[in-house]
Every structure is written in C-alpha cells, then in structure tokens.
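The block underneath contains the structure these notes are about, expressed in structure tokens.
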There are 2 protein chains.
Amino acid sequence: MASSAPKYDVFQAIADPTRRRLLQLLVEQEMPVTVISGHFPISRTAVSKHLRILAEAGLVQERKVGRETRYRMQPEPLRELKQWLAYYEQFWDNKLAALAHYIEHQDSEGMVDRVPKIVKQERETKGK
Amino acid sequence: MASSAPKYDVFQAIADPTRRRLLQLLVEQEMPVTVISGHFPISRTAVSKHLRILAEAGLVQERKVGRETRYRMQPEPLRELKQWLAYYEQFWDNKLAALAHYIEHQDSEGMVDRVPKIVKQERETKGK
DNA sequence: ATATTACGACACCATTTGGTTTCGTGTCAA
DNA sequence: TTGACACGAAACCAAATGGTGTCGTAATAT
C-alpha cells in the first residue's frame with residue numbers, strides 16, 4: 001500500500017522484446033509518444049499500450065507537457081529483478097560473496113513471496 | 001550448435017510465476033515430474049509444458065531415469081539476464097562500480113543485439 | 001476561428017498462452 | 001503376462017496478448 005504499488009509485474013513487463021527496446025530508448029532521455037513510436041515499426045497506439053504496461057510496472061514515468069506526454073524510464077523496479085537474480089547467483093558460481101550479498105540485502109523491499117528467504121522446501125534438506 | 005543453444009527466451013521463460021516457482025523448487029534438487037506437480041495446483045501435463053519451456057530456455061535440464069524424467073534447474077542462462085540488468089544498474093544509483101562492471105564484462109556472451117554497447121540515442125529534445 | 005497535432009479510449013481481430021482431458025507407449029512390479 | 005505407473009503427445013478451449021484502425025478531445029499553430 002505504499003506509494004509505489006507496482007500493480008503490474010516487472011517480470012512480465014520486460015518479457016516483451018519491444019518493451020525492452022522501449023526501456024533502452026528511454027533510459028537516458030524523456031520522449032513524447034510520437035517520437036518514440038518513430039523508432040518502432042508498429043503503430044503509435046501499439047507503442048502507447050506498451051508504455052502503459054511499463055508504467056503500471058513502474059518502469060516508466062509519464063509527464064504531461066502541453067499536448068504531449070513524455071515518457072522516461074525509471075529503473076528502480078529492476079531492483080526486484082536484481083534481488084530475484086541474486087538468490088540464484090550463488091548457484092552458478094561458488095561465489096560465497098553472492099550469497100553474502102543476498103542475505104545482507106534480503107528485506108530491502110516487499111519481495112516476500114517472490115524469492116524464498118533461504119527457505120527449506122518441505123523436502124529433507126539434510127546438511128550438505 | 002553449441003550444446004547451450006537457447007532457442008527459447010529467458011526473459012519470457014521467467015515471466016510466468018508458476019515457472020519461477022518451478023525454478024525455485026528445482027534449484028537444489030532433481031525431481032521427477034509427478035513429484036514436482038504435487039507441489040502445484042495444476043495438472044501434471046500443465047507442469048510438463050512449463051518444464052519444456054524452461055528446458056528450451058536452458059533453465060532446466062532433464063535426465064531420464066527408468067520410466068521417470070527428472071528435472072533440475074540450470075542457472076547459467078540467467079547470466080544473460082544479469083548482464084541485461086547490469087546495463088541499467090548504473091542508472092539507479094550513481095554507482096560507478098556498476099558501470100565499470102558492465103563495461104568490463106561486455107562481450108562475454110552473444111548479447112550483442114540485446115543490450116546496447118553504451119550507444120548514444122539521437123538527441124533532439126534540447127534543453128527543457 | 002479554423003485547421004492541425006498529440007494522444008488516449010475504443011472496438012475489433014489473430015495468435016499465443018496456460019490450462020484441461022484423453023490417449024499411447026515405454027518401464028517396472030506381481 | 002498382466003497390470004499399474006510415468007510421462008509426452010494431441011486435441012481442444014478460454015483468456016490474455018500484441019497488433020490494427022477510427023474517433024473524440026485538448027493543445028497548438030495559422
């Protein structure tokens with residue numbers, strides 16, 4: 001219920017290649033819809049819909065300027081992704097540092113149901 | 001044709017919450033399909049289809065043992081995600097370290113068309 | 001005042017997606 | 001051998017997704 005309630009899913013938002021290219025385009029610059037859609041082979045309306053999905057995921061911010069709406073990327077929600085990744089990082093290297101970092105940053109955000117807090121599956125989980 | 005030809009998309013593979021839970025379940029243990037599907041409210045066949053998608057993305061590995069097929073997570077393909085993320089990390093902190101890390105690891109994989117090599121978008125909206 | 005531009009809201013459409021049930025086949029157990 | 005089990009394949013379905021074109025309205029330009 002905090003102000004930044006991401007009602008759409010970050011994982012889903014970045015699943016689409018067009019949306020990833022949108023982020024890439026808007027990461028450094030704010031741009032109005034028409035200009036943005038000039039960079040894509042699809043219609044302005046289609047771009048608009050992608051932008052709305054990204055906005056709902058918190059990945060872009062919109063700002064009205066006169067008759068245009070300018071969009072810009074907002075990278076913060078990617079933190080959630082990073083945390084999710086951090087959990088798995090320990091498994092592809094033997095990097096203890098990764099695990100340490102993971103533990104250290106566990107409760108930064110509302111990630112509770114997304115990534116397990118190093119939880120035992122109900123399986124045996126005897127010592128390693 | 002290298003053994004790790006990810007013909008499915010990692011971004012898309014992890015977009016689905018069920019598939020993320022599958023990864024979480026299989027990250028430390030190999031399991032046969034029936035056991036896996038016992039952890040989910042959906043049918044075994046549905047689970048099987050998710051597993052195939054994950055397998056095509058290289059995120060799980062299958063191994064036949066007698067009449068059962070055992071699956072286990074393989075985290076390597078997440079490297080691609082990590083690299084994608086690394087590019088954006090520089091934008092949410094002023095962390096120069098992030099940028100440094102990004103540059104340093106730029107050509108590790110075949111990511112060329114996915115993340116730009118610090119490219120200048122055409123600038124047009126000048127000033128404010 | 002009138003025309004043009006920017007853009008969201010709709011209505012619509014084809015394809016993909018996540019799910020189901022049924023069936024066939026290979027493997028193990030009695 | 002006969003039966004039960006594990007599982008993928010296939011056929012099918014509803015809903016979501018990514019796309020289109022048209023329209024209305026607010027802001028700007030002539």
Side-chain angles (χ1 to χ4, degrees), chain A residues 6-26 29-73 114 123, chain B residues 6-26 29-73 122 124-128:
Chain A
K7 69 158 286 192
Y8 216 86
D9 198 68
V10 176
F11 291 89
Q12 218 168 310
I14 64 160
D16 185 272
T18 300
R19 284 195 295 264
R20 287 198 298 275
R21 296 214 296 129
L22 276 167
L23 294 179
Q24 175 185 321
L25 185 63
L26 297 172
Q29 281 180 41
E30 192 183 54
M31 273 185 217
V33 178
T34 310
V35 174
I36 295 171
S37 69
H39 292 250
F40 295 83
I42 61 180
S43 74
R44 178 187 53 79
T45 309
V47 169
S48 236
K49 287 210 271 182
H50 281 304
L51 286 171
R52 201 167 49 71
I53 288 172
L54 289 172
E56 279 175 12
L59 282 166
V60 298
Q61 207 181 1
E62 32 179 315
R63 184 170 71 104
K64 288 250 182 150
V65 177
R67 64 181 158 183
E68 53 186 34
T69 314
R70 300 195 187 152
Y71 288 85
R72 167 161 215 155
M73 186 190 176
R114 191 91 57 187
R123 278 312 209 165
Chain B
K7 69 157 286 189
Y8 216 86
D9 198 68
V10 176
F11 290 89
Q12 218 168 310
I14 64 160
D16 185 272
T18 300
R19 280 188 304 259
R20 287 197 299 275
R21 296 215 295 130
L22 276 167
L23 294 179
Q24 174 185 322
L25 184 64
L26 297 172
Q29 280 181 37
E30 193 184 53
M31 275 186 216
V33 177
T34 310
V35 173
I36 295 171
S37 71
H39 292 249
F40 294 83
I42 62 180
S43 75
R44 177 187 53 79
T45 309
V47 169
S48 235
K49 287 211 271 182
H50 281 303
L51 285 170
R52 201 167 48 73
I53 289 172
L54 289 172
E56 279 176 10
L59 282 165
V60 297
Q61 206 180 5
E62 33 178 313
R63 184 170 71 104
K64 289 250 183 151
V65 177
R67 63 181 159 183
E68 53 187 33
T69 313
R70 301 196 187 151
Y71 288 86
R72 167 160 216 158
M73 185 190 176
E122 87 219 43
E124 42 194 281
T125 34
K126 181 61 204 316
K128 160 233 149 224

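Each chain gets a letter, A, B and so on, in the order its sequence line appears, and its residues count up from 1.
When distances run from any side-chain atom of T34(A) to the nucleotides dA6(C), dG19(C), dG8(D), the shortest one goes to dA6(C).
Distance R70(A) CZ to dA6(C) C1': 12 Å, rounded to the nearest Å. Protein atom CD of E62(B) is 11 Å distant from nucleotide atom P of dC7(D), rounded to whole Å. In this entry the distance linking CG of L51(B) with P of dA6(D) reads 16 Å, nearest Å. With rounding to whole Å, D9(A) atom CG is found 12 Å from dG18(C) atom P. Between I53(A) atom CD1 and dA16(D) atom P there is a gap of 13 Å when expressed in whole angstrom units. The distance from atom CZ of R63(A) to atom C1' of dG8(C) is 19 Å, rounded to the nearest whole Å. One interatomic measurement links the two molecules: CZ of R52(B) to P of dG8(D), which rounds to 10 Å at whole-angstrom precision. The CG-P distance, from L22(B) to dG18(C), rounds to 12 Å in whole Å.
At a threshold of 4.5 Å between non-hydrogen side-chain atoms, the residues L59(B) and I14(B) count as touching. Counting heavy atoms from C-beta outward, E68(B) and T34(B) have side chains that stay 4.5 Å or more apart. Residues L26(B) and L51(B) meet the side-chain proximity criterion, which asks for heavy atoms closer than 4.5 Å.
When each of L25(B), T69(B), L22(B) is tested with M31(B) by the rule side-chain contact (heavy atoms from CB on, under 4.5 Å), just one qualifies, namely L25(B). Shown are R72(A), K64(A), R70(A); of these, the salt bridge (charged side-chain N to carboxylate O under 4.0 Å, His left out) with E30(A) is made only by R70(A).
Annotation for A15(A) and D9(B): closest pair O-OD2, 4.4 Å, computed over non-hydrogen atoms. Taking both residues in full, the closest heavy atoms of I53(B) and R19(B) are given as CD1-NH1, 3.5 Å, listed atom of the first, atom of the second, then distance.
For Y71(B), a side-chain nitrogen or oxygen approaches OP1 or OP2 of dG8(D) to under 4.0 Å. Of the side-chain N and O atoms in H50(B), one or more sit less than 4.0 angstrom from OP1 or OP2 of dG19(C).
Of the possible donor and acceptor atoms, none in the side chain of R44(A) sits under 3.5 Å from a partner among the backbone N and O of S37(A).
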Within the sub-3.5 Å range, which N or O atoms of nucleotides 14-17 of chain C have a protein N or O partner, and how far apart are they?
| from | atom 1 | to | atom 2 | distance (Å) |
| --- | --- | --- | --- | --- |
| dT17(C) | OP1 | Q12(B) | NE2 | 2.8 |

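Residues passing the side-chain contact (heavy atoms from CB on, under 4.5 Å) test with R52(B) are E56(B), sequence neighbours excluded.
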> If the sugar-phosphate is the primed atoms plus P, OP1 and OP2 and the base is the rest, what is the B/S/- string for nucleotides 20-29 of chain C, using protein heavy atoms under 4.0 Å?
Replying inline: BBB----BB-

